[in-house]
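Take a look at the structure below.
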Amino acid sequence: MNYTFNVAKREFRRIGSSKFYLFMLFLLPVSLFSFFAYVYETGVLREIPIAVCDYDNSELSRTYINFIESTGSMKILKYVQSETDIKNEFLDGNIYAAFVIPNNFEKDTKSGKPASVIVYNNTTNLITGNTVYKDALTFTKMFSGGVLLKKMRSKGITEESAMNILNAVKIDSRPLYNPNYNYLNYLIPGLVPVMLQMAIMLLTAVIISSEFSHGTFGNLLEAAGGSVWALLAGKAVPYLLINTATALLIPGLFYSFFKIDVPGSLTGAALLFILFSISSVFFGILISTFSRNYMFTAEISLFLNTPAFIFSGFVYPFRAMPGPHVWFAQLMPFTHFIDAYLKIGVMESSVKTALPEILALTAFALLSIVFTLSILYLRKRHFLKSETRGRMGRKNMLKYIFKIFQREVSVVLKDRDVFMIIIIAPIFYAFVYASLYYYKTEEKVPVAVVDMDRSEFSETFTRRMNTSRMLETVLITGDMNEAKSMMASMKIHGIVFIPHNSSVELKSKESVTLTVYLNTSRFLVSNDINKAVNEVASSFNEENRKVCLQSMGYNTREAENLTEPVRSDIRPMFNTPETYGDYLIPGMLVLILHQTLLIGLSECIAREREYKKIGEIKAAAGNRAAAALAGKTSFYFLMYTAYSLFFFAVIFPVFKINLFGSAPALILTTLLLILSSIFLAIFVSSFFKRKFVALIIIAFTSYPLFFISGYVFPSYALPVPLQYFSKIFAVTPYLRAFSRITQSGAGFGNVSGEIISLSAITLVLFAFALLRIKYLFSREP
């Protein structure tokens with residue numbers, strides 16, 4: 001115990017004497033958690049910018065437009081004169097949807113002819129696309145029902161009877177766990193823990209290897225009295241104590257402060273966070289024993305943690321992933337934690353339902369301890385043997401640019417840490433991320449049907465649900481508790497409840513309400529279920545209306561026309577299959593390029609300062625800062641230009657990703673992004689004096705930039721200060737241009753604003769980088 005205390009005291013001193021460790025353990029988690037909570041502060045999508053083209057200009061069309069404005073989720077940004085104008089608005093990135101009200105809209109509706117409102121829906125972003133689809137369908141059906149109701153009442157049918165005919169089968173959608181579809185409650189419980197895991201593992205992944213790198217392993221062994229048990233326990237204690245406190249603060253204080261709901265057991269969630277942090281600490285320490293080079297173990301940890309959020313099944317379900325990706329996901333504590341947290345903290349399930357995940361997290365900790373002790377024992381023996389053996393025995397400018405270029409090639413090829421990030425990571429991650437979405441979309445989401453009616457109607461409804469590619473009924477039961485139990489254990493994600501006497505009520509011309517319980521702890525899955533069930537109900541209602549209208553004296557054609565007087569013809573734009581792959585893969589490729597370039601180059605620049613190489617660069621560049629900047633820039637520019645061309649020419653076709661727009665515009669904007677990223681990395685990392693610090697800081701700060709770029713969560717929904725803040729980083733205008741060029745068919749004219757922004761950012765960063773190099777040269781003799 002004394003030896004454990006000695007090691008723990010020694011580790012606390014190391015932490016206390018390092019501003020970097022104090023920053024990583026205390027300030028960084030709070031900063032990141034607060035940042036992500038602020039990003040999603042608005043919670044729900046409101047006022048999606050749309051355009052309206054009203055060819056009819058009638059009283060009825062104006063009433064329809066009022067329906068649009070009443071939704072609250074959409075905001076009419078522009079009234080346009082033609083569909084050509086709509087296309088231009090899409091290409092310029094001004095709108096996310098457009099409604100086209102046809103000529104003779106009022107005349108056709110009153111004369112009994114069906115009228116279709118065309119809804120152009122930009123499904124490049126599935127978040128806004130799903131919202132527009134749901135609301136457009138809902139209010140158009142309400143509007144159409146109002147038109148048909150007037151016709152029926154003119155035939156002497158009471159309003160109650162008419163309503164029963166209009167909506168014979170009603171769907172009462174009940175979102176569970178996150179009823180308001182609040183993105184704050186949805187994403188923060190995923191993002192915060194994964195960032196916590198990343199912070200814990202990146203720090204603990206170096207606490208053993210750094211002892212070898214700095215030649216202090218012998219002192220550590222001495223403090224531990226030669227006991228690997230005491231060594232491991234003493235090393236782990238500070239991080240267990242600090243991160244346990246952090247883990248308790250997240251659900252206990254942080255979630256409460258930012259009004260993040262924890263409807264389930266707060267105590268259970270807190271204990272789960274503690275177990276999660278313990279497993280992350282010991283897994284990180286295990287990684288730390290893999291090598292004597294602490295930069296190498298840090299990069300292994302980074303390689304494992306970077307895809308943890310995407311691979312966890314939290315956003316994109318396991319059933320839609322290839323098998324190898326699912327297996328890889330099981331290697332990270334976060335995968336098991338997030339399911340357990342959703343069950344205990346969000347879905348209010350019992351601890352028993354989360355027992356598999358709790359056992360998995362426990363196994364992570366225990367197996368990590370066992371393997372760590374085994375490796376430490378071998379390291380100790382090897383170290384002691386080594387100790388014993390030790391006691392026994394222009395033209396010139398171009399020339400300078402080329403010298404720096406050659407030197408940079410040598411650095412990247414010889415430095416294993418930089419080599420992994422710059423050479424291996426871009427290609428490795430490109431195939432790993434892209435192949436994750438190989439199937440592009442999920443199908444056959446498991447649901448249960450609680451059939452209390454057991455009639456021909458209920459059997460037909462269930463059968464039609466199963467014909468949808470989106471649904472798979474895995475349980476048909478008369479026991480609601482059985483279905484709820486399956487929901488609690490996440491074996492299903494939705495329950496369709498068909499009440500007693502549904503068939504009898506339908507036959508007697510009364511409406512019946514089916515209740516759909518949705519697991520909204522995962523948004524995309526719940527949206528898919530809701531959409532599919534409502535489509536089945538709509539088909540029933542249309543058939544019922546047709547029969548009733550015929551019984552009122554309308555012929556077959558008239559009845560078909562009146563079944564839905566006003567229809568919404570929703571046309572997905574750009575990502576027409578509405579797949580996750582076409583939505584996420586292009587953005588993931590940009591993230592890979594951006595992050596690996598920033599991290600790899602930052603390591604190189606910090607390395608120069610750590611190893612006192614600034615003078616060497618100064619000499620090779622002939623004391624010219626411009627030559628040094630040009631030499632370094634040219635190497636990374638050529639490398640990442642090659643990667644970009646490979647992504648567009650190989651990855652895009654292999655995974656069938658669209659490239660509809662101007663290739664020259666795409667190339668120009670990508671080159672500007674690469675240049676601006678190089679200058680940003682050189683400027684920022686020149687303030688770091690250690691490679692390891694540059695790796696950690698850049699990895700953590702570059703990741704959030706993707707979340708405020710507007711690619712995943714729309715920019716207009718961000719807090720206003722963040723909207724302006726995001727514009728100073730090149731990745732924001734680039735992604736705005738990139739998505740429209742690749743998916744929407746935009747050309748130079750449509751992205752001219754983004755090109756100007758990228759150029760300005762690049763020039764400013766070039767000046768900063770050049771001035772910084774000049775300053776560093778001036779400090780060298």
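None of the values given here were measured: they were computed from a predicted structure. The analysis underlying the following values was restricted to heavy atoms, covering all of them including side chains, and did not include hydrogens, waters or symmetry mates. This chain uses plain numbering: 1 for the first residue, then up along the sequence.
Using a 3.5 Å distance cut-off with no hydrogens or angles, the side chains of Q743 and T124 do not pair a donor with an acceptor.
Applying the side-chain hydrogen bond (donor to acceptor under 3.5 Å, both in side chains) criterion to D261, with sequence neighbours excluded, gives N185. Residues passing the ring pair (Phe, Tyr, Trp, His ring centres under 6.0 Å) test with Y177: none are found, sequence neighbours excluded. Evaluation of the side-chain hydrogen bond (donor to acceptor under 3.5 Å, both in side chains) rule for Y133 yields E535 as partners, not counting sequence neighbours. Partners of F337 under the ring pair (Phe, Tyr, Trp, His ring centres under 6.0 Å) rule, at least two apart in sequence or in another chain, are F273, F276, Y341.
Residue pairs satisfying the salt bridge (charged side-chain N to carboxylate O under 4.0 Å, His left out) criterion with at least one member in residues 351-372, sequence neighbours excluded, are listed as follows: K343-E357. Applying the salt bridge (charged side-chain N to carboxylate O under 4.0 Å, His left out) test to pairs two or more places apart or on separate chains, those with a residue in residues 310-331 are R319-E442.
Among the candidates I242, I207, L203, L240, the single residue satisfying the side chain to side chain contact (heavy atoms under 4.5 Å, CB included) test with V281 is L240. A ring-ring contact (aromatic ring centres under 6.0 Å, His included) with F36 is found for exactly one of F707, F309, F706, namely F707.
Among all heavy-atom pairs drawn from A483 and I492, the shortest one is O-CD1, 3.5 Å.
In this structure, Y183 has its ring center no closer than 6.0 Å to that of Y40.
Relative orientation of the Y433 and Y429 rings is parallel, given thresholds of 30° and 60° on the angle between their planes.
The neighbour count for F23 CZ, taken as heavy atoms of other residues, nucleotides or ligands under 6.0 Å away, is above 12. For K75, the NZ atom counts as loosely surrounded, since its 6.0 Å shell holds 12 or fewer non-hydrogen atoms of other residues, nucleotides or ligands. Heavy atoms from other residues, nucleotides or ligands lying under 6.0 Å from NZ of K531 number more than 12. The local environment of OH in Y716 is crowded, with over 12 non-hydrogen atoms from other residues, nucleotides or ligands closer than 6.0 Å.
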Could you walk me through whether V192 and I250 satisfy the side chain to side chain contact (heavy atoms under 4.5 Å, CB included) test, starting with their C-alpha distance in whole Å, then the side-chain angles of each, then the deciding distance to 0.1 Å, before giving a yes or no? CA-CA 8 Å; V192 166; I250 291 172; 3.9 Å; yes
Show, in sequence, the C-alpha distance, side-chain angles and deciding distance for M487 and I495, and conclude whether the side chain to side chain contact (heavy atoms under 4.5 Å, CB included) test is met. CA-CA 8 Å; M487 176 87 89; I495 301 171; 3.9 Å; yes
